[in-house]
Visitor: 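Sharing a structure here in structure tokens format.
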Amino acid sequence: MANNSDYTTVIKPHAGLFNLKLREVWAYRDLVFILARRDIVAVYKQTILGPLWFLVSPVLTVVVYMFVFGSIAGISTDGMPQAVFYLGGITLWNYFSSCFTATANTFTANAQIFGKVYFPRIVAPMANVLSNMVKLFIQMLLFVGVLAFYLGQNDSTIQLTEEIYLLPVLILMMAGLSLGIGIIISSLTTKYRDFKNFIGFGVSLLMYASPVIYPISAVKDKGYGALLAYNPIAPIIETFRYIFTGHGSLDWGGLMISGIATISILFFGLVLFNRVERTFMDTV
Amino acid sequence: MAKPAIILENISKRYRLGMVGSGTLREDVMGWYYKVRGKEDPYSLIAETNNRAKKGSSNYVWALKDINFSIEEGEVLGVIGKNGAGKSTLLKLLSRVTAPTTGSIKARGRIASLLEVGTGFHPELSGRDNIFLNGAIMGMRRAEIKSKFDEIVDFAGVERYIDTPVKRYSSGMYVRLAFAVAAHLEPEILIVDEVLAVGDAQFQKKAIGKMKDVSQGQGRTVLFVSHNMASIRNLCRQTILLSNGTIQSMGKTSEIVSDYLSYHSDNHTHQSLKEAKRFEGNLHIEFSTIATLNNELLESQTMVSGEPMNIRLGLAINAKRKYSKLHCSVSVANEQFVTIMHLSTDEGMGESLNIEDGVGHLTLNCFIDQLALPRGKYYLSVFIWDKSIVFDHILHAKSFFVSDGNFFGNGAIKEPRHTMFLVKNQWTQIDQHG
């Protein structure tokens, strides 16, 4: 009998709970990039505007929000110009919601490929997060443009803060959260699809539980405002707007808790996902 | 000593039948509850062997049960079996699409599978993009694909279309491109499932040649699953025959294939004609049995194109007087009941067919040197008569199958839709003008 250590691939019914196969994921890093590229390119194939389409949705959404929430409902924007306030919220929120939705549908959307070839399944949601990040950067350009317009005004009430260096951290936290929650939902929906019905309206409800259309200051003193403390997305969005404008609040404690929550959710998600990916084809 | 490239030990795979719903939730919760208390899950014990035709009492079946085998490095192992024998499940486990219920698989090197070519092809992307995408899905690094890019395009023969979205490709081009990527993977272990069924004859030849190169020239291990006995014989030295989720036999390809062909026929080979509906005849001489026999003179429902075939007729005689110079014939009809061959004692028997009076038996054998039929289902009709008397005549007394074989001696396969029978032919180039 040959020595076991010779065998590079060992397939067993159950893998170790914490064996996350990170080395294998690393070997497939090119696939992450190629899948991400596919997702981006496929969206604007056979269109004239191409990647500009990524800008249409935030522009229209901002216009509607300014009208509905800004003018009619008159919700405070913490002293920021409405366009900056809403666009900032939407840009980051859209990143979360599109990553989350795509990741939550990983198994069902990729069942066809997963049923034919093996590669570490986590590669697919990672590619989602990456392709949406490219989309985020394009939308960030729009945000920065709008921001620059207001900063350039003589009577500008907003200014960049020195905490702008937090930007990559915030984006990474958003990526980690959406990936983590997404893979938990996708693991739970391989056999029983019940959660799937929840994803669509769950995301839109979650938006109202996050400071996208209102600032934290507007709900702080209200009873239900305390609930925001349990939403790890809240400090990320609030901080995002703060570092660009100096308005709103920078709550280091909240941000820290949010960071810990992100790491825990992501880790728990990976363990769960790793457990499900081995046999999901039998039940999907 | 050569070490095996793959070892399978006690591999079993259990599937659940029926629908997933609240009933399965109950089983899951119960099973988990038993496990938590350190007892064995009662639902894991009640699985049954997999026989899709029979109704079972359990909701669980073993698609594979206690599979043990190993493959030496550089070997091409064939896997054959009826539909539902467990071939696809075995491939799914090997390619890690799903995990086994029990047992372990150990392998040395990268395993790549061609369960279906073109996995992950995106219709909107160009051929170029899809080569990279498909290659990466199968585990190639970007640099690796880049270095083989020209070779892949050349092999597929789609250079002109390389920047066109693959949704504009003909289905043949699509398959060629997909196979080309897969063929250039260079994994240590390659798993192939029926990909050769697609593409034209020229491409099939190219694909088989490539697989031979991969195993013989480069010392890679190949596992090849097919219904095509001709390509199994052509490619594999060793073959495994699966049946109802277990290994029925394993060994030299030629033995296993004929085992399969005779087994495949189940019990319908040797057919009694006592009850058969007669077209006409006084039954003083009647057909009692009919059987088709293969090259090794084993009864089988399935014959191989290009190989010898025997038709064996049993006759029961209850004759008032003796007869001489009788005529007996068999005609072969295709699935549309069009008669395409007629075999009779008149041209095929040296001496004349004579029988004595009284009660007795007689067996006739009709030998065909090379079966010149493409794959398909065929019917035999039998007829025995004297000048003016018809003794027995049964239409479509027995059916049999023909599987693809090496009729032309070069591995070429004719599609049944192109021809009703096969004829050897030689082509030469006489002259060229211009």
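Convention: sequence-line order gives letters A, B, ...; per-chain numbering from 1.
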Visitor: Supply the atom-to-atom distance Arg38(A) CZ to Ile137(B) CD1, rounded to the nearest 0.5 angstrom.
Guide: 6.5 Å
Visitor: Please say whether more than 12 non-hydrogen atoms of neighbouring residues, nucleotides or ligands are located less than 6.0 Å from CZ in Phe143(A).
Guide: yes
Visitor: Can you tell which part of Leu93(B) gets under 4.5 Å to a heavy atom of chain A, answering side chain, backbone, both or neither?
Guide: backbone
Visitor: Less than 4.5 Å to any heavy atom of chain A: does that hold for the side chain of Leu94(B), its backbone, both, or neither?
Guide: backbone
Visitor: When you compare the side chain of Val97(B) with that of Tyr118(A), does any pair of heavy atoms fall below 4.5 Å?
Guide: no
Visitor: Given heavy-atom pairs under 4.5 angstrom as the criterion, report whether the side chain, backbone, both or neither of Phe132(B) touches chain A.
Guide: both
Visitor: Short question: side chain of Asp30(A), backbone of Arg141(B) - any donor-acceptor pair under 3.5 Å?
Guide: no
Visitor: Would you say Tyr208(A) has more than 12 foreign heavy atoms packed within less than 6.0 Å of its OH?
Guide: no
Visitor: Salt bridge or not between Arg96(B) and Glu24(A)? Use side-chain N to carboxylate O under 4.0 Å.
Guide: yes
Visitor: Could you check if a side-chain atom of Asp129(B) sits within less than 4.5 angstrom of a side-chain atom of Arg37(A), using non-hydrogen atoms only?
Guide: yes
Visitor: Taking all non-hydrogen atoms of both residues into account, name the closest pair between Leu133(B) and Leu31(A) and its distance.
Guide: O-CD1, 4.4 Å
Visitor: Identify which part of Phe119(A) has an atom lying under 4.5 Å from any heavy atom of chain B, answering side chain, backbone, both or neither.
Guide: side chain
Visitor: Supply the atom-to-atom distance Asn134(B) CG to Ile113(A) CD1, rounded to the nearest 0.5 angstrom.
Guide: 9.0 Å
